[in-house]
Protein chains: 2
Amino acid sequence: MANTNGPTRERISVIAYELLKEKGIAGLSMRALADRLHIKAPSLYKHVADKEEIIAGLQARGLQEFGNAIKRAGKSKRAKALAYRKWALENPHLYEITVSIPLLRDRIPVGLEDGVTRMIIEITGKDHEHARAVWALMHGLVDLEIAGRFPKDADLELTWKRAVAMI
Amino acid sequence: MANTNGPTRERISVIAYELLKEKGIAGLSMRALADRLHIKAPSLYKHVADKEEIIAGLQARGLQEFGNAIKRAGKSKRAKALAYRKWALENPHLYEITVSIPLLRDRIPVGLEDGVTRMIIEITGKDHEHARAVWALMHGLVDLEIAGRFPKDADLELTWKRAVAMI
DNA sequence: CTCCCTTGCTAACAGTGTTAGCCTGAAATT
DNA sequence: AATTTCAGGCTAACACTGTTAGCAAGGGAG
């Protein structure tokens, strides 16, 4: 049929992004993705090597957006930390696909991960080891919160206050 | 056949535990589990309601062993923190199944999660909010390390030293 | 001896990612 | 203008996942 605005790689990537945001990683199947593009699943493979390529694209997009969100935040540690939390909670599926599953380093643009990592490290201004601990602290807080690991009555605002104070 | 030492629920749980430790969550399929018990996958359902029940059992075992490991460690914050890391790195699949996927609270013994949580909180001796931040810090460090998120040349011993100092 | 129930089995279904092979219409070449 | 090439759709199928239905055989209870 050669639909003139047929699913190019870019279009697939955009729809996959939407699907992920709506349905989460579990809902991101090749058939569901194909449905939204009004094609059948095997046709996707005319544009994309495998599902990993799609996931890698989403990880790249996630890193990009995440990095921008932190960049846009105020310069203080506190503002950066809260921006980290805010973005992760507003985009839990994106956060999960970029941070909680193995990063497909070979298939995302070089430098993207480094850029985000360096930005996080710069939040503290101290050495790399300290920065890594800070990153781990923020990631741990977000990860446990998304996983519902804290009791319902936990005062997470206060927890983050304490965390920022520890930095 | 009614094999006298046939796969009772207990036996299934033990073999599942072994399988998880060896092959990880992805390798823990009902058919693989059945193979090791020398039965077919559908026969598992004569002993167990579904796969979630098996996972819940593993989460309970994981929490138990994890709790013991920390309990056995020295009383200092540093000793506890290092025990946390040591156990998680030595049992990455168990750590993952108990902490990195949703905890099946309805299907594990009541109090188990609370016990472990309280133990972690007691490490600091301070208030709950501070303790949660400490937990998040340790979890974040372990999670990022297992996920291979830190550069290969990162000095994680030093990072943990810095982290313990932050507590 | 007979009945029942436990616990195995096979066949099957719906879902997953993925491959092979076919077909068709549009674009490019002669 | 006629022909060839090829991008991009399709169906059928495979191996895998968890799971259900229904059958069969053996041991224990009456």
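Within every chain, numbering begins at 1; the chains are lettered A, B, ... in the order of the sequence lines, protein sequences first and strands thereafter.
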Residues of residues 25-35 of chain A with any non-hydrogen atom less than 4.0 angstrom from an atom of DNA chain C: list those, numerically ordered, please. A/L28, A/S29, A/M30, A/R31
Axis bend over the full length of the helix from C/dC1-D/dG30 to C/dT30-D/dA1, computed from five pairs that close each end, to 10 degrees: 20°
I'd like to check the salt bridge (charged side-chain N to carboxylate O under 4.0 Å, His left out) partners of A/K86; sequence neighbours left out, ordered by chain and number. A/E90
I'd like to check the salt bridge (charged side-chain N to carboxylate O under 4.0 Å, His left out) partners of B/E157; sequence neighbours left out, ordered by chain and number. B/R85
Qualifying salt bridge (Lys or Arg N to Asp or Glu O under 4.0 Å) pairs with a residue from residues 67-84 of chain A, counting only residues at least two apart or across chains: none
Under 4.0 angstrom between B/S43 side-chain N/O and C/dC9 OP1 or OP2: yes
In this structure, how many angstroms lie between the P atom of C/dG15 and the NZ atom of B/K51, rounded? 18 Å
Who are the salt bridge (charged side-chain N to carboxylate O under 4.0 Å, His left out) partners of B/E22, not counting sequence neighbours? B/R36
Rounded distance in Å - NZ (B/K40) to C1' (D/dG22): 18 Å
I want to check one thing: is the phosphate of C/dG8, taken as OP1 and OP2, less than 4.0 Å away from some side-chain N or O of B/H47? yes
Listed nucleotide nearest any side-chain atom of A/Y45, set C/dT19, D/dA21, C/dT7: C/dT19
hbond_proxy B/K46 side chain to C/dG8 base (donor-acceptor, 3.5 Å cutoff): yes
Under the salt bridge (charged side-chain N to carboxylate O under 4.0 Å, His left out) test, which residues partner B/D127, sequence neighbours left out? A/R162
Of the nucleotides C/dT18, C/dC9, D/dT11, which has the atom closest to the B/I39 side chain? C/dC9
Tell me, which pairs form a ring pair (Phe, Tyr, Trp, His ring centres under 6.0 Å) where one or both residues lie in residues 147-167 of chain A, sequence neighbours left out? A/F150-B/W135
Whole Å only: how far is the CG atom of A/L37 from the P atom of D/dG9? 9 Å
To the nearest angstrom, how far is B/L44 atom CG from C/dG8 atom C1'? 11 Å
Rounded distance (Å) that lies between atom P of D/dT19 and atom CD1 of B/I54: 8 Å
Tell me which donor-acceptor pairs under 3.5 Å the side chains of residues 104-118 of chain A have, and how far apart each pair is, sequence neighbours excluded?
residue : atom : partner : partner atom : Å
A/R105  : NE   : A/E113  : OE1          : 2.9
A/R105  : NH1  : B/G148  : O            : 3.4
A/R105  : NH2  : A/E113  : OE2          : 2.9
A/R105  : NH2  : B/G148  : O            : 2.7
A/R107  : NH1  : A/D50   : OD1          : 3.2
A/R107  : NH1  : A/E52   : OE1          : 3.0
A/R107  : NH2  : A/D50   : OD1          : 3.2
A/T117  : OG1  : A/E113  : O            : 2.9

Derivation and outcome, salt bridge (charged side-chain N to carboxylate O under 4.0 Å, His left out), residues A/R9 and A/E53: CA-CA 10 Å; A/R9 202 119 102 285; A/E53 184 173 322; 3.0 Å; yes
NZ/NE/NH1/NH2 to OD/OE distance under 4.0 Å, B/E65 and B/K21: no
Measure the distance from NE2 on B/H38 to C1' on C/dG8 and round it to the nearest whole Å. 15 Å
D/dA21, D/dG9, C/dG8: which one has an atom nearest the side-chain heavy atoms of B/P42? D/dA21
In this structure, how many angstroms lie between the P atom of D/dG18 and the CD atom of B/E52, rounded? 13 Å
